[in-house]
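This report concerns only the one structure given below.
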There are 2 protein chains.
Amino acid sequence: MNDQSETLEQTTGGLDLALLLPFQITQLSGKLAAQARAILSRHGTLSLAQWRIIRIVAMGLPPQSTAVRKSSGIDKGQFSKTVNVLIDEGYVTTRPCPFDHRQFEVILTDKAIAAHARLAPELDARQAHLLAALTDAQREMILPAIHALAKAAETIDFLNKDKD
Amino acid sequence: MNDQSETLEQTTGGLDLALLLPFQITQLSGKLAAQARAILSRHGTLSLAQWRIIRIVAMGLPPQSTAVRKSSGIDKGQFSKTVNVLIDEGYVTTRPCPFDHRQFEVILTDKAIAAHARLAPELDARQAHLLAALTDAQREMILPAIHALAKAAETIDFLNKDKD
DNA sequence: TCAAGAAAGTGGACATGTCAACCTTTTCGT
DNA sequence: ACGAAAAGGTTGACATGTCCACTTTCTTGA
């Protein structure tokens, strides 16, 4: 037994972690969300979903509603409600999308731009902090691994391949 | 540009993913949860949290409430409510914990054991399916990387180190 | 061209997750 | 042995996330 497995045992109480990859990822996701919320709450009351939308538009990505929604990874219904809250609180305005009248475009107000200017450096520092915790090899490996898992998580067809 | 970055771009619309590690992990976590829910719903109405509790006890881990709660990674309040639902629906019973009267012990009923027997093989197959999507190097790397990130996600002290 | 289907946003219902206050039991220091 | 502090469980309030039905707009094919 090496020191790595010892370290891991501390976080789970001694389970065989090979059985718990989804569980470990879920726990990590929760901790990352809590950390992001802690940073956001230092400077205001933006929720994570609200921040993601602001950040996407601030980055200069396409501001059409569907593009923003897909970049944010937020559910259709939740996206609609979150944008309306952002409007009510004066962070964004919208205008009709010229080439598709079902959609709209998201425009940041000065308030959102100011919030972004305050928050972005701290979130960038956090990102650097997280990456610094990984070895070079881990840093190179992890995004492809996450992507491979995400693809494998999109289907449950493997359960009845024998029935086809 | 290699084919890896191309593949990743497809899932995000062309963003610089080096900036989005927490986002990617959150998205992955959501997909894994949806996949698990899809499997659970094929055989009954157990929620993810309910299933985790049953699985932990079925594995023979210590059945005292605190031990089960920590293994499950579930919030104290949510754990209390979830256990009560499991009792109401006849999946578990409890008895006082002999050495700590604040706690209780969780005992599975036949109904829970039967549900576990039906579900465990499918979730094991899913675990195998996920692991098969990774290369050998990724498989070895990923749990230590997750653990390192989880540790780094537990603090925001890096934000004001200069003020100490 | 026009009817059918797909895609987009909205709103409601419901499930899940988070947080804090509270009470009880245990632990620890004196 | 005793009081204070910590740990455990419960409950309620609230935030977040998921799912579905519905309307409008766009796209497609006959």
Side-chain angles (χ1 to χ4, degrees), chain A residues 23 26-38 40-41 44-53 62-89 92 94-106 153, chain B residues 23 26-41 44-53 62-89 92 94-106 153-154:
Chain A
F23 173 76
T26 296
Q27 295 294 106
L28 171 56
S29 172
K31 286 184 181 179
L32 289 170
Q35 185 183 44
R37 275 196 304 271
L40 290 176
S41 70
T45 59
L46 283 176
S47 71
L48 252 147
Q50 290 170 344
W51 165 250
R52 273 193 235 138
I53 292 169
Q64 287 80 33
S65 45
T66 297
V68 175
R69 176 169 60 77
K70 292 194 173 169
S71 293
S72 74
I74 300 174
D75 167 86
K76 221 164 51 152
Q78 196 195 348
F79 182 78
S80 172
K81 290 158 194 160
T82 303
V83 169
N84 279 322
V85 172
L86 285 174
I87 293 170
D88 290 347
E89 298 183 352
V92 309
T94 60
R95 68 174 166 219
C97 175
F99 59 83
D100 185 342
H101 289 183
R102 296 171 301 181
Q103 298 188 50
F104 53 86
E105 292 184 351
V106 180
Chain B
F23 173 76
T26 296
Q27 294 294 106
L28 171 57
S29 172
K31 285 183 182 179
L32 288 170
Q35 185 183 45
R37 274 196 304 271
I39 294 172
L40 289 176
S41 71
T45 58
L46 283 175
S47 73
L48 252 146
Q50 291 171 343
W51 164 250
R52 273 193 236 139
I53 292 169
Q64 288 80 33
S65 46
T66 297
V68 175
R69 175 170 60 78
K70 292 194 173 167
S71 293
S72 74
I74 300 174
D75 168 85
K76 220 166 51 152
Q78 197 195 349
F79 182 78
S80 172
K81 290 160 193 161
T82 303
V83 169
N84 280 321
V85 172
L86 285 174
I87 293 170
D88 289 347
E89 297 184 351
V92 309
T94 61
R95 66 174 167 220
C97 175
F99 59 83
D100 186 342
H101 288 183
R102 295 171 302 182
Q103 298 187 50
F104 54 85
E105 292 183 350
V106 180
E154 281 168 359

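Below, chain A is the first sequence line, B the second, and so on; all start at residue 1. Because only heavy atoms are used, hydrogens play no part in the values below, and waters and symmetry mates are left out as well, while side chains stay in.
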Respond yes when some side-chain nitrogen or oxygen of Ser65(A) is under 4.0 Å from OP1 or OP2 of dA8(C), and no when none is.
-> no
Please determine if a side-chain N or O atom of Ser80(A) lies less than 4.0 Å away from the OP1 or OP2 oxygen of dT10(C).
-> yes
Would you check if [X] and [Y] make a side-chain contact, meaning some heavy-atom pair closer than 4.5 Å?
X: Leu32(A); Y: Arg37(A); answer: no
X: Asn84(A); Y: Ile87(A); answer: yes
X: Ile74(B); Y: Ile53(B); answer: yes
X: Lys76(A); Y: Arg69(A); answer: yes

Closest listed nucleotide, where the reference is the side chain of [X] and the choices are [options]:
X: Arg37(A); options: dC26(D), dT10(C), dC19(C); value: dC19(C)
X: Arg69(B); options: dC19(D), dG8(D), dT25(D); value: dG8(D)
X: Ser47(B); options: dT16(C), dA8(C), dC26(D); value: dT16(C)
X: Arg102(A); options: dC19(D), dG17(D), dC26(D); value: dC26(D)

Reckon [X] touches a base, only the sugar-phosphate, or nothing at all at heavy-atom distances under 4.0 Å?
X: Gln78(A); value: base
X: Gly30(A); value: nothing
X: Asp75(A); value: base

Rounded distance (Å) that lies between atom [atom2] of [N] and atom [atom1] of [X]:
X: Gln50(A); N: dA15(D); atom1: CD; atom2: P; value: 11 Å
X: Asp100(A); N: dA7(C); atom1: CG; atom2: C1'; value: 9 Å
X: Lys76(B); N: dA6(D); atom1: NZ; atom2: P; value: 13 Å
X: Phe104(B); N: dT24(C); atom1: CZ; atom2: P; value: 18 Å
X: Phe79(B); N: dA7(D); atom1: CZ; atom2: C1'; value: 15 Å
X: Ile74(B); N: dG8(D); atom1: CD1; atom2: C1'; value: 16 Å
X: Gln103(A); N: dT27(D); atom1: CD; atom2: P; value: 10 Å
X: Glu89(A); N: dA15(D); atom1: CD; atom2: C1'; value: 13 Å

Identify every side-chain donor-acceptor pair in residues 98-106 of chain A under 3.5 Å, counting partners at least two apart or on other chains, and give the distances.
{"from": "Asp100(A)", "atom 1": "OD1", "to": "Arg102(A)", "atom 2": "N", "distance (Å)": "3.0"}
{"from": "Asp100(A)", "atom 1": "OD1", "to": "Arg102(A)", "atom 2": "NE", "distance (Å)": "3.2"}
{"from": "Asp100(A)", "atom 1": "OD2", "to": "Arg102(A)", "atom 2": "NH2", "distance (Å)": "3.1"}
{"from": "Asp100(A)", "atom 1": "OD2", "to": "Gln103(A)", "atom 2": "NE2", "distance (Å)": "3.3"}
{"from": "Gln103(A)", "atom 1": "OE1", "to": "Thr66(A)", "atom 2": "N", "distance (Å)": "3.2"}
{"from": "Gln103(A)", "atom 1": "OE1", "to": "Thr66(A)", "atom 2": "OG1", "distance (Å)": "3.3"}
{"from": "Glu105(A)", "atom 1": "OE1", "to": "Arg95(A)", "atom 2": "NE", "distance (Å)": "2.9"}
{"from": "Glu105(A)", "atom 1": "OE1", "to": "Arg95(A)", "atom 2": "NH2", "distance (Å)": "3.3"}
{"from": "Glu105(A)", "atom 1": "OE2", "to": "Gln64(A)", "atom 2": "NE2", "distance (Å)": "3.0"}

Considering only heavy atoms and no angle criterion, is a donor-acceptor pair shorter than 3.5 Å present between the side chain of Lys81(A) and the base of dG12(C)?
-> yes
Closest-nucleotide 5' rank along DNA chain C - winner of Gly77(B) and Leu46(B) | Leu46(B)
Nearest-nucleotide comparison on DNA chain C, the residue closer to the 5′ end among Phe99(B) and Val83(A) = Val83(A)
